[in-house]
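Right, one structure below, let's go through it.
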Amino acid sequence: MTESETVPDDPAPAPQHWHADVLASDGGVVRLRPITPADADELQRFHTALSERTRYLRYFGPYPRISPKDLYRTTHVDYRDRVGLVVVLGDSIIAVGRYELLDRSGKRSAEVAFVVADGHQGRGLGSILLEHLAGAAAENGIETFVAEVLAENTVMVTVFREAGYQVERSRDGSVLHLEFAIDPTEALRSVRNARERASEARSVGNLLAPRSVAVIGATPSTGRVGGVVLANLLDGSYHGAVYPVNPGRRSVRGVHAYPTVRDIPEEVDLAVVAVPAAEIGSVLDDCMAKGVKGLLVLSAGFSETGEQGRGPEAGLVAAARGHGMRVVGPSALGIANTDPAIGLNATLASVLPGRGRIGFFCQSGPLGVAILAEAATRNLGLSTFVSAGNRADVSGNDLLQYWDTDADTDVILLYLESFGNPRKFSRIARRVARNKPIVAVSPSRLAARGDSGGELDRAVVRDLFAQSGVVQAESISEMFDCAALLGYQPLPRGPRPAIVGNSTALNWLTADAARSEGLSAAEPVDLGPQATPEDYLTAVTAALRADETDAVIVIFAPPIPVPQTGYAEAIRTAVATVSGDKPVLTTFAGGDGIPDLLAVRGPGAAAIRGSIPSFPDPARAVRALARVQRYARWRDRPVTPGHDGTTRPEADLCRPAGIDSERAVALMARWMGDSGGGRRLADDETVALLACYGISVVDFRAVRDADSAVAAAGELGFPVAAKATNESWRRRPDMSWVRLDLWRPEAVRQAYRDLVELCGDPLLHIQRMAPKGVGCVLRVQDDPAFGSVIEFGLSGPIIELLGDRAYRALPLSAEEAAALIDAPRAAPLLNGTPASPRVDKAALIDLTRRISALFDDLPEMRELSCEPVLASPESAAILYARARIGPQPSRFDTGPRRLG
């Protein structure tokens, strides 16, 4: 488009999905949106405020004021060939980016440029604009960006160079010409996710290490929320400034108080809000005017009260983000950082655990108090703690990003009641769990917010979290059991615990519990009721040195009460004597003050690395060990960095042979073009699509009369099967809609007549008989929370009734595919029984991986069902497959960075 061309007086409406709240590199929130004609005056102010140097680098010369023509052209765009985006803070524009289509003989290329206000340069806003402009351009069919940059503009050159694109450069005097394809590559995704990780970690770090805290609603009464949090801040070891805010008092607890946040003369990093929900509006206005960096909202009365509270809560978050603030809460318990250099206790908890290396996130405020008290009782020290309440903004995903890079955190604990972005959680957890174990517990009712909506299927969550390496606990106590083992003992190398104890009954009960949890427990070492500390020292030392053991469970249960200190010391001595990497767990029955953590070195029960966890009963020790062992096995898998910022198994790099993805893409483009909004594929179309991935359906013919049925049988070769095609009949478990082993034309003709009379539909399938085998089901559905999820199980009404299915998120590696096939409780039937031989599991695994590749290549795939799949000793034969295609759903987690 040339300068002489006109622009529309009535521009198209700005796409709403281009609006986004995004974190800058310093952790602050900025708002990005499409430019509109109403931005003209503010855009002129923004431009005029730029320094001469910034204007020179952007416009290649002095340009003190935007001309009316250029101003009109910049703000009146079509959001297709010409797009403008602005970054705003409050009502002020702080950055502008735009692209404009170039006439390049049919090639869809656009020139891109952006400029950032001087006071906000260095915050990564140029990279954010480039990401979102590229996302908009891709929607509009633009393939390539070009940019003209002064060679001396090193900052802008760096933005393009470090964006992850393959940039081609040429130089004409002092001007660099840059050109690059905007198709999302692995390098681009990796850069995007690394920036997201860094900015989200920085954002949480800002909240957990404030230099100053204002308590809005401060009161001297510790019977009120504002009084409790102020007392905790003042009575603790917080090293920053604390400002009580109370319009009715000149001081609170001996500290000068201020009527509003605006009246505080110094900067305020964190504002703790402890006023009724009805008063939040004026408090928020004060905080925005003051430039507060973060809000901790302890006030209740928002979404936890029902639908009437959701609107005010969303408004609170939107207003705070629009002014650069992040929000913890509402209805939060608070945040804490036990780092001696910070000493922050901005919580309502009366008991806070001491310093440790466990990070803990929870949603429920009241439950959080009890959880913190139990952690303190069990001597489990924390590094940091966040109770997000309603989790309207800051979430568990943000904390995972922070703890991933926090050198003071080794173990992560999560109590979750809902998810904002489960797909993102799974992606982040997969990466974080490679280095730091994550233990999660959630109620049976697990809700999903945002795009996903509704409640999540617990079975799906269980399997997909296990796939991501998350240790899933069934209760708070079990979560702490796992934390005690993960935080202070090495990971087990295998599933073979040695059991040492002085109670024959408890020893064998422990061994039985271990076997039921999938551990390989050998015969227990029974020391007898008269065992001495020296006996324990000898036995535990021997067990730790034995090559055939991977962990040691020690049980002390005396027949009469005796002092236990000597026995605890003997166990400590054994562990300290034998240098190794085997975890040790203990149970002291009828204890006399034995702590939950026995320090190997150091006085008392100091929670130091190497301390030995002690459990109330052996069964809890076994459960913790089993969960940790499964996590250790998951972490031992060889991995390589993946394009999504996670680590993926090395086998992911190898796709099955015989895949024609180009033909599949062409077929999909044709079908989507014909259908517009998507549809269910016809049977022959499904067969053709699967064939592109080396997947074959047992040969069949569609027929509409008896003569055609007989002819089809002759063509396929006897014996054949006749089947109804109506979906309502295919779902029936009684198989009345099928006639099998038809060896003669007369049998085919009669079967056709019978089925048409039964089902009322003349359209039948005549299919070649497949080898006898075990019926299986493979389905893929587009889960609104997790993306494409594959389901596997054996077929049959009883198994269907029991819900014996296993789930995994796609894509799958060979190892993940094998684990999926082995996961259902009925899977041992595939290994063979006295009545049936072992099936070809390798064929099932190969089929699963080919389906995974199909969904990885074709984002338009919405659903695929292969049912039944007959697994035999020779093959895995698909008897019927159906597929559904549709437009690719919005995937905020796969596009440009944005806050959920």
Side-chain angles (χ1 to χ4, degrees), residues 20 22-23 131 135 164 184-201 203-204 361 391 394-405 412 414 416 418-440 442 446 448-452 456 460-472 631 634-635 637 639-650 652-653 782-790 807-813 815-816 852 855-856 859 888-900:
V22 190
L23 287 177
E131 280 184 32
T185 62
E186 292 188 4
L188 177 64
R189 294 190 188 98
S190 179
V191 168
R192 182 204 68 184
N193 289 329
R195 286 175 174 159
E196 173 193 69
R197 180 164 67 250
S199 62
E200 291 182 359
S203 176
V204 173
F361 171 86
R391 195 198 47 75
V394 173
S395 70
N397 290 347
D398 296 294
L399 269 296
L400 284 178
Q401 301 278 40
Y402 171 75
W403 283 320
D404 183 32
T405 58
I412 297 167
L414 306 173
L416 303 171
S418 65
F419 285 101
N421 191 334
R423 189 182 303 109
K424 182 176 179 179
F425 176 92
S426 183
R427 168 172 63 86
I428 297 172
R430 186 190 293 270
R431 185 194 72 245
V432 175
R434 285 291 161 192
N435 300 306
K436 298 181 180 182
I438 302 168
V439 186
S442 60
L446 189 59
R449 303 258 183 105
D451 280 348
S452 52
L456 300 177
V460 176
V461 173
R462 178 200 64 211
D463 285 0
L464 298 190
F465 279 12
Q467 183 185 5
S468 300
V470 176
V471 180
Q472 296 172 80
Y631 164 71
W634 176 87
R635 201 163 89 163
R637 294 166 52 201
V639 295
T640 188
H643 65 70
D644 57 356
T646 68
T647 51
R648 298 291 296 170
E650 289 178 346
D652 278 0
L653 301 179
D782 190 69
D783 187 276
F786 289 97
S788 296
V789 174
I790 189 166
Y807 305 87
R808 297 292 187 274
L810 297 181
L812 291 180
S813 68
E815 185 171 349
E816 287 173 335
S852 174
F855 274 79
D856 202 27
Q888 184 177 5
S890 174
R891 293 281 193 250
F892 283 167
D893 190 43
T894 58
R897 286 172 288 165
R898 65 176 66 217
L899 286 169

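Shown here for Phe855 and Ser788, the closest heavy-atom pair between the two residues is CD2-OG, 3.7 Å. Contact detail for Ala201 and Thr405: the closest heavy-atom pair is CB-OG1, 3.7 Å. When all heavy atoms of Gly135 and Pro896 are compared, the pair lying nearest together is CA-CG, 4.3 Å. Across every non-hydrogen atom of Asn435 and Arg635, the tightest pair is O-NH1, 3.2 Å. Listed here is the closest heavy atom pair of Leu399 and Val204: CD1-CG1, 3.8 Å.
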Practice prompt. Test Leu414 against Val439 for side-chain contact (heavy atoms from CB on, under 4.5 Å), laying out the working first.
Written response: CA-CA 6 Å; Leu414 306 173; Val439 186; over 6 Å; no
Discussion item. Apply side chain to side chain donor-acceptor pair (under 3.5 Å) to residues Gln401 and Arg431 and explain how you reach the verdict.
Written reply: CA-CA 10 Å; Gln401 301 278 40; Arg431 185 194 72 245; 2.7 Å; yes
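Glu200 and Arg897 are not joined by a salt bridge, as no carboxylate oxygen comes within less than 4.0 angstrom of a charged side-chain nitrogen. Electrostatic pairing of Arg189 and Glu196 does not count as a salt bridge here, judged by no charged N lying under 4.0 Å from a carboxylate O. Ion pairing of Glu131 with Arg192 is absent here, as no side-chain N (NZ or NE/NH1/NH2) approaches a carboxylate O to less than 4.0 Å. By the 4.0 Å N-to-carboxylate-O rule, Lys436 lies too far from Asp404 to be salt-bridged with it.
Considering CZ of Arg427 and CG of Asn397, their distance stands at 8.5 Å, rounded to 0.5 Å. Note that the CD1 atom of Ile428 and the CG atom of Asn193 stand 8.5 Å from one another [nearest 0.5 Å]. The line from OG of Ser203 to CG of Leu899 is 7.5 Å long, rounded to the nearest 0.5 Å.
With sequence neighbours excluded, no residue forms a side chain to side chain donor-acceptor pair (under 3.5 Å) with Tyr402. For Ala20, the side chain to side chain contact (heavy atoms under 4.5 Å, CB included) partners two or more places apart in sequence, or in a different chain, are Val22, His132, Arg898. With sequence neighbours excluded, the residues satisfying side chain to side chain contact (heavy atoms under 4.5 Å, CB included) with Val789 are Val460, Leu464, Asp783, Phe786, Tyr807. When the side chain to side chain contact (heavy atoms under 4.5 Å, CB included) test is applied to Ala198, no partner is found at least two apart in sequence or on another chain. Annotation: side chain to side chain donor-acceptor pair (under 3.5 Å) contacts of Ser852 (sequence neighbours excluded): none. Remark: Ser199 pairs with Leu23 by the side chain to side chain contact (heavy atoms under 4.5 Å, CB included) rule, at least two apart or across chains.
Annotation: side chain of Arg637 is in contact with side chain of Arg434 (closest heavy-atom distance under 4.5 Å). Contact annotation: the side chain of Ile438 approaches that of Val432 to within less than 4.5 Å [non-hydrogen atoms, C-beta and beyond]. Residues Ser442 and Gln472 form no side-chain contact, since every pair of their non-hydrogen atoms from C-beta on lies 4.5 Å or further apart. The side-chain heavy atoms of Leu416 and Phe361, taken from C-beta on, include a pair separated by under 4.5 Å. Side-chain contact between Phe425 and Val470 is present, with heavy atoms from C-beta onward closer than 4.5 Å.
Of the possible donor and acceptor atoms, one in the side chain of Trp634 sits under 3.5 Å from a partner among the backbone N and O of Gln467.
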